[in-house]
Amino acid sequence: MQRSQHSQGTPGTARTRDGRELYFMELAGPDGGGAPVTVVFEGGLASVRSYWALVQRGVAARTVVYDRSGLGRSAPDPSGQRRLARLAGDLGDLLDHLGPGRYVLVGHSWGGPVVRLAAAARPGRIAGLVLVDPTDEACDLLFDRSIRRLEKVRYGAALLLARLGLLGLLFRKVTAALPPDAAADMRAEAFTVATMRTMGAEQADIAADLRTLRDDPPVLGDIPVTVISATLPTPGMNAQARASINAAHAHRARQSPRGRHVLARHADHMVPTAEPGIVVAEVERLLDAATATATATDADTAALSKEPGPRDQNGQITS
């Protein structure tokens with residue numbers, strides 16, 4: 001009997017410029033993969049590809065989820081370097097592997113800065129960004145020393161629970177929302193000691209990376225940017241902190257001439273599983289806009305090609 005396809009699509013690997021392999025899964029979409037825009041998802045700290053399953057299968061386009069080095073089925077980075085610029089470079093290498101087509105990048109939490117930096121490196125191939133409750137350097141709270149202490153405490157607790165095989169119990173609500181195959185993958189891969197160590201390596205330089213972002217923010221030009229903010233209580237985040245974070249999100253949306261700030265009224269920080277429909281809707285909106293722009297451009301090109309005669313520098317027919 002032929003095995004049915006995984007809900008997240010067909011597996012593959014992409015090689016980074018220094019030879020590491022990144023594991024990804026691809027759904028071709030309703031048109032068989034011929035759409036002009038591909039959607040690629042980037043997770044937060046310790047987030048494996050499975051986390052995106054609900055959003056991924058809701059998007060009617062070619063979609064790709066992947067594991068950063070040291071997460072899921074991607075081997076650890078031998079260099080041990082997990083600075084933001086390196087994460088963004090890896091995402092850029094994945095896009096190179098996937099092809100020249102345009103992309104909508106979707107980043108959750110720490111994945112928000114990752115996709116912003118990757119988009120700024122090659123803005124011409126980016127059709128839009130959806131930042132889902134992202135970490136943002138405009139939030140002054142993130143530079144407070146108490147946040148660094150909290151990160152260390154959380155990391156130590158997560159590492160201990162992973163060693164005891166208990167970490168997954170804290171995320172039962174998340175895995176219960178996923179399709180069975182994605183849930184099984186997440187339970188097997190997301191709550192391990194190795195995954196927590198990768199999280200620790202990425203987390204270690206967050207303060208420095210945030211300062212770099214604040215001092216030298218990625219330039220996105222006129223790339224459409226949607227920022228989705230959670231609104232429900234999140235463990236460890238009080239109402240004052242949530243207000244500060246969401247104010248930073250509103251600021252981020254205003255930096256784009258085509259920015260948009262959306263509130264997820266039914267979600268805490270885990271928006272992709274708590275309210276996946278709002279992410280799907282914003283991705284689809286950017287896809288529709290990108291398709292309309294491409295169609296208009298093709299129509300203009302076709303019309304020009306039918307007009308007779310050479311043109312001068314002002315576009316006038318000379319003979």
Side-chain angles (χ1 to χ4, degrees), residues 8-28 33 36-52 56 62-131 134-135 137 189 194-195 197-206 208-213 215-221 223:
Q8 293 193 274
T10 304
T13 57
R15 191 173 295 275
T16 65
R17 67 197 70 185
D18 61 353
R20 288 172 290 122
E21 286 194 342
L22 302 175
Y23 182 88
F24 69 87
M25 299 188 78
E26 175 183 351
L27 282 174
V37 182
T38 298
V39 183
V40 178
F41 298 90
E42 182 76 47
L45 293 174
S47 182
V48 296
R49 69 194 180 281
S50 313
Y51 181 58
W52 288 110
Q56 184 191 13
R62 181 194 183 202
T63 57
V64 175
V65 294
Y66 84 108
D67 296 320
R68 290 199 293 269
S69 285
L71 299 176
R73 299 182 188 177
S74 292
D77 186 340
S79 74
Q81 297 299 312
R82 294 282 80 202
R83 294 295 299 269
L84 179 62
R86 189 163 177 85
L87 305 187
D90 288 354
L91 174 57
D93 290 343
L94 172 66
L95 301 186
D96 290 343
H97 174 85
L98 295 175
R102 302 189 74 207
Y103 296 93
V104 168
L105 303 181
V106 186
H108 174 243
S109 195
W110 191 235
V114 175
V115 300
R116 284 171 55 206
L117 205 57
R122 293 273 300 277
R125 63 179 174 181
I126 307 301
L129 299 180
V130 178
L131 310 178
T135 307
E137 70 276 12
E189 300 166 7
T195 296
R197 285 176 175 159
T198 295
M199 180 185 77
E202 294 183 357
Q203 186 175 271
D205 293 307
I206 280 182
D209 286 331
L210 286 171
R211 285 193 294 270
T212 299
L213 286 172
D215 296 341
D216 187 19
V219 178
L220 299 175
I223 294 174

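Please read these numbers as outputs of a predicted model, since none were measured by experiment. Scope of the values below: all heavy atoms of this structure, side chains included, with no hydrogens, waters or symmetry mates.
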TODO: Dump the intermediate steps for side chain to side chain contact (heavy atoms under 4.5 Å, CB included) on Val115 and Val106, then the final yes or no.
DONE: CA-CA 7 Å; Val115 300; Val106 186; over 6 Å; no
- [ ] Show your reasoning for whether side chain to side chain contact (heavy atoms under 4.5 Å, CB included) applies to Ile206 and Leu45.
- [x] CA-CA 11 Å; Ile206 280 182; Leu45 293 174; 3.8 Å; yes
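Taking each heavy atom of Pro113 and Leu213 in turn, the nearest pair found is CB-CD1, 3.8 Å. Of all non-hydrogen atoms in Gly101 and Tyr103, the two that sit nearest each other are O-CE1, 2.7 Å. Shortest non-hydrogen contact noted between Ser109 and Gly44 is CB-CA, 4.1 Å. When all heavy atoms of Ala120 and Val219 are compared, the pair lying nearest together is CB-O, 3.5 Å. Closest approach of Ala46 to Leu71, counting heavy atoms only: CA-CD2, 3.9 Å. The heavy-atom pair separating Gly72 from Val48 by the smallest distance is N-CG1, 3.5 Å.
Atom CG of residue Leu105 and atom CD1 of residue Ile126 lie 4.0 Å apart, to the nearest 0.5 angstrom. Expressed to the nearest 0.5 Å, how far CZ of Arg116 lies from CG of Leu131 amounts to 7.0 Å. Summarising the geometry, atom OG1 belonging to Thr10 is positioned 7.5 Å from atom CG belonging to Leu27; distances are rounded to the nearest 0.5 Å. Taking CZ from Arg68 and OG1 from Thr195, the interatomic distance works out to 11.0 Å, rounded to the nearest 0.5 Å. One distance of note links OG1 of Thr13 with NE2 of His97; it measures 6.5 Å at 0.5 Å rounding. Between atom OG1 of residue Thr212 and atom CG of residue Leu84 there is a gap of 8.5 Å, rounded to the nearest 0.5 Å.
Aromatic ring orientation, His108 versus Trp52: perpendicular (interplanar angle above 60°, classes split at 30° and 60°).
A heavy-atom distance below 4.5 Å is found between the side chains of Asp96 and Arg122. A 4.5 Å side-chain heavy-atom check between Ser69 and Leu22 finds at least one atom pair inside the cut-off.
When the side chain to side chain donor-acceptor pair (under 3.5 Å) test is applied to Glu21, the partners found at least two apart in sequence or on another chain are Arg15.
Under the side chain to side chain contact (heavy atoms under 4.5 Å, CB included) test applied with Val64, the options Leu95, Thr38, Val39 reduce to a single match, Thr38. Checking Thr198, Asp209, Asp90 one by one against Arg82, the side-chain hydrogen bond (donor to acceptor under 3.5 Å, both in side chains) holds for a single residue, Asp90. Checked against Arg49 for a salt bridge (charged side-chain N to carboxylate O under 4.0 Å, His left out), the options Glu42, Glu189, Glu26 give a single hit: Glu189.
Side-chain atoms of Ser74 come within 3.5 Å of backbone N or O of Tyr23 as a donor-acceptor pair.
Of the charged side-chain nitrogens involved, none lies within less than 4.0 Å of a carboxylate oxygen, so that Arg86 and Asp205 do not count as a salt-bridged pair. Taking the charged nitrogens against the carboxylate oxygens, Asp67 and Arg73 have no contact shorter than 4.0 Å, which rules out a salt bridge.
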